[in-house]
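See below for the structure under consideration.
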Amino acid sequence: MLAIASDHGGFALKSEIIRHLEELGVEYRDYGTFTDESVDYPVYAEKAARAVVSGECDRGIVICGTGIGVSIAANKVRGIRCALCCDSYSAEMSRQHNNSNVLALGGRVTGPGLALKIVDVFLNTEFSGGRHARRVDLISDIETR
Ligand code: RB5
(Lines give C-alpha, C1' and ligand atoms only; values in the text may rest on other atoms or scores of the structure.)
Protein backbone atom coordinates (compact mmCIF):
# COMPACT_ATOMS: atom_id res chain seq x y z
CA MET A 1 0.00 0.00 0.00
CA LEU A 2 1.35 3.40 -1.01
CA ALA A 3 0.60 6.62 0.90
CA ILE A 4 0.25 9.75 -1.21
CA ALA A 5 -0.27 13.35 -0.08
CA SER A 6 0.26 16.87 -1.34
CA ASP A 7 -0.49 20.50 -0.64
CA HIS A 8 -2.16 22.77 -3.22
CA GLY A 9 1.19 23.24 -5.04
CA GLY A 10 1.40 19.50 -5.61
CA PHE A 11 -2.29 18.78 -6.11
CA ALA A 12 -2.24 18.67 -9.94
CA LEU A 13 0.77 16.34 -10.00
CA LYS A 14 -0.77 14.16 -7.27
CA SER A 15 -3.84 13.72 -9.47
CA GLU A 16 -1.62 12.67 -12.43
CA ILE A 17 0.28 10.20 -10.24
CA ILE A 18 -2.96 8.72 -8.89
CA ARG A 19 -4.22 8.19 -12.46
CA HIS A 20 -0.92 6.43 -13.20
CA LEU A 21 -1.12 4.25 -10.07
CA GLU A 22 -4.67 3.23 -11.01
CA GLU A 23 -3.52 2.27 -14.52
CA LEU A 24 -0.73 0.17 -12.98
CA GLY A 25 -3.04 -1.37 -10.40
CA VAL A 26 -0.90 -0.08 -7.51
CA GLU A 27 -2.93 0.24 -4.31
CA TYR A 28 -2.72 3.64 -2.60
CA ARG A 29 -4.27 5.74 0.14
CA ASP A 30 -4.73 9.43 -0.56
CA TYR A 31 -4.10 11.57 2.54
CA GLY A 32 -5.15 14.82 0.81
CA THR A 33 -5.29 17.62 0.04
CA PHE A 34 -8.33 17.16 -2.16
CA THR A 35 -8.61 20.57 -3.86
CA ASP A 36 -6.21 23.23 -5.09
CA GLU A 37 -7.18 25.61 -2.26
CA SER A 38 -4.19 26.84 -0.27
CA VAL A 39 -3.23 24.57 2.66
CA ASP A 40 -0.19 24.01 4.87
CA TYR A 41 2.17 21.37 3.45
CA PRO A 42 3.55 20.02 6.80
CA VAL A 43 0.08 18.74 7.74
CA TYR A 44 -0.15 16.52 4.64
CA ALA A 45 3.49 15.42 4.64
CA GLU A 46 3.11 14.29 8.25
CA LYS A 47 -0.08 12.32 7.49
CA ALA A 48 1.68 10.30 4.74
CA ALA A 49 4.86 9.89 6.81
CA ARG A 50 2.91 8.60 9.83
CA ALA A 51 1.06 6.13 7.61
CA VAL A 52 4.45 4.72 6.55
CA VAL A 53 6.02 4.44 10.02
CA SER A 54 2.83 2.92 11.47
CA GLY A 55 2.99 0.16 8.85
CA GLU A 56 -0.39 1.14 7.39
CA CYS A 57 1.52 1.83 4.15
CA ASP A 58 4.81 0.45 2.87
CA ARG A 59 6.06 3.61 1.19
CA GLY A 60 4.89 7.13 0.49
CA ILE A 61 4.94 9.94 -2.03
CA VAL A 62 4.65 13.58 -0.89
CA ILE A 63 4.34 16.56 -3.20
CA CYS A 64 4.38 20.33 -2.76
CA GLY A 65 5.40 23.16 -5.10
CA THR A 66 9.13 22.48 -4.87
CA GLY A 67 9.14 19.20 -2.95
CA ILE A 68 11.38 20.87 -0.38
CA GLY A 69 8.83 21.67 2.32
CA VAL A 70 7.22 18.24 2.28
CA SER A 71 10.61 16.49 2.32
CA ILE A 72 11.80 18.53 5.31
CA ALA A 73 8.52 17.84 7.15
CA ALA A 74 8.41 14.11 6.34
CA ASN A 75 12.02 13.67 7.47
CA LYS A 76 11.08 14.99 10.93
CA VAL A 77 9.09 11.80 11.52
CA ARG A 78 11.27 9.12 13.12
CA GLY A 79 11.90 6.24 10.72
CA ILE A 80 11.30 8.27 7.58
CA ARG A 81 13.96 8.52 4.91
CA CYS A 82 12.40 10.94 2.45
CA ALA A 83 14.26 11.65 -0.81
CA LEU A 84 13.48 14.72 -2.89
CA CYS A 85 14.14 13.62 -6.46
CA CYS A 86 14.14 15.66 -9.67
CA ASP A 87 15.68 12.91 -11.82
CA SER A 88 15.33 9.14 -12.13
CA TYR A 89 18.99 8.37 -11.28
CA SER A 90 18.56 9.99 -7.87
CA ALA A 91 15.33 8.06 -7.34
CA GLU A 92 17.13 4.80 -8.16
CA MET A 93 20.04 5.57 -5.84
CA SER A 94 17.70 6.71 -3.07
CA ARG A 95 16.22 3.20 -3.07
CA GLN A 96 19.45 1.22 -3.64
CA HIS A 97 21.70 3.16 -1.26
CA ASN A 98 19.43 5.01 1.18
CA ASN A 99 16.45 2.66 1.37
CA SER A 100 14.21 5.71 0.93
CA ASN A 101 10.70 5.03 2.14
CA VAL A 102 9.16 8.31 1.00
CA LEU A 103 9.65 10.09 -2.33
CA ALA A 104 9.20 13.88 -2.48
CA LEU A 105 8.40 15.62 -5.76
CA GLY A 106 7.99 19.28 -6.74
CA GLY A 107 4.77 19.85 -8.65
CA ARG A 108 6.04 23.22 -9.90
CA VAL A 109 9.50 21.88 -10.73
CA THR A 110 9.17 18.44 -12.32
CA GLY A 111 6.89 17.90 -15.30
CA PRO A 112 4.40 15.02 -15.25
CA GLY A 113 6.27 12.80 -17.76
CA LEU A 114 9.49 12.82 -15.76
CA ALA A 115 7.62 12.63 -12.45
CA LEU A 116 5.85 9.41 -13.50
CA LYS A 117 9.19 7.92 -14.56
CA ILE A 118 10.65 8.83 -11.15
CA VAL A 119 7.65 7.23 -9.43
CA ASP A 120 8.13 4.02 -11.45
CA VAL A 121 11.81 3.84 -10.51
CA PHE A 122 11.02 4.54 -6.84
CA LEU A 123 8.41 1.76 -6.79
CA ASN A 124 10.46 -0.83 -8.70
CA THR A 125 13.97 -0.49 -7.24
CA GLU A 126 15.10 -2.58 -4.28
CA PHE A 127 17.50 -1.64 -1.47
CA SER A 128 21.00 -3.05 -2.10
CA GLY A 129 21.79 -3.76 1.58
CA GLY A 130 25.41 -4.65 2.44
CA ARG A 131 27.52 -1.59 3.28
CA HIS A 132 24.51 0.60 2.59
CA ALA A 133 22.58 -1.11 5.40
CA ARG A 134 25.33 -0.08 7.84
CA ARG A 135 25.04 3.53 6.68
CA VAL A 136 21.25 3.52 6.91
CA ASP A 137 21.59 2.09 10.44
CA LEU A 138 23.90 5.00 11.28
CA ILE A 139 21.13 7.36 10.15
CA SER A 140 18.70 5.57 12.48
CA ASP A 141 21.23 5.96 15.31
CA ILE A 142 21.04 9.73 14.91
CA GLU A 143 17.34 9.51 15.72
CA THR A 144 18.10 7.93 19.11
CA ARG A 145 20.42 10.72 20.29
C1 RB5 B 1 3.21 26.78 -1.33
O2 RB5 B 1 3.08 28.01 -1.96
C3 RB5 B 1 4.66 26.32 -1.37
O4 RB5 B 1 5.39 27.06 -0.44
C5 RB5 B 1 4.74 24.85 -1.08
O6 RB5 B 1 4.01 24.15 -2.03
C7 RB5 B 1 6.12 24.23 -1.11
O8 RB5 B 1 6.78 24.50 -2.31
C9 RB5 B 1 6.95 24.45 0.08
O10 RB5 B 1 8.11 23.99 0.17
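We number each residue from 1, following the sequence as shown. Remember, it's 1-based here, ligands and their atoms both numbered in the order they're listed.
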**Prompt:** Should Ser6 and Leu13 count as side-chain neighbours, where that means a heavy-atom distance under 4.5 Å?
**Reply:**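 Not touching, per the 4.5 Å side-chain cut-off.
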
**Message:** Contact between Ile63 and Ile17 at the side-chain level, heavy atoms closer than 4.5 Å - yes or no?
**Reply:** yes

Without placing hydrogens or testing angles, list every side-chain donor-acceptor pair under 3.5 Å for residues 32-46, not counting sequence neighbours.
from	atom 1	to	atom 2	distance (Å)
Thr35	OG1	Glu37	N	3.1
Glu46	OE2	Arg50	NE	2.8
Glu46	OE2	Arg50	NH2	3.0

**CA sep, side-chain torsions, deciding dist, call: Arg19, Glu22, salt bridge (charged side-chain N to carboxylate O under 4.0 Å, His left out)** = CA-CA 5 Å; Arg19 261 195 295 278; Glu22 285 176 352; over 6 Å; no

**Request:** Identify, chain by chain and in numerical order, each protein residue with a heavy atom under 4.0 Å from an atom of ligand 1.
**Result:**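 Within 4.0 Å of ligand 1, protein side: Asp7, His8, Tyr41, Cys64, Gly65, Thr66, Gly69, Arg108.
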
**Asked** For the hydrophobic clusters of this structure (ILVMFWY residues joined by side-chain heavy atoms under 4.5 Å, transitively), does one cluster hold both Leu116 and Phe122?
**Response** yes

**Request:** Drop me the distance from Asn98's CG to Arg135's CZ, to the nearest 0.5 angstrom.
**Result:**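 Here the rounded value is 10.0 Å.
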
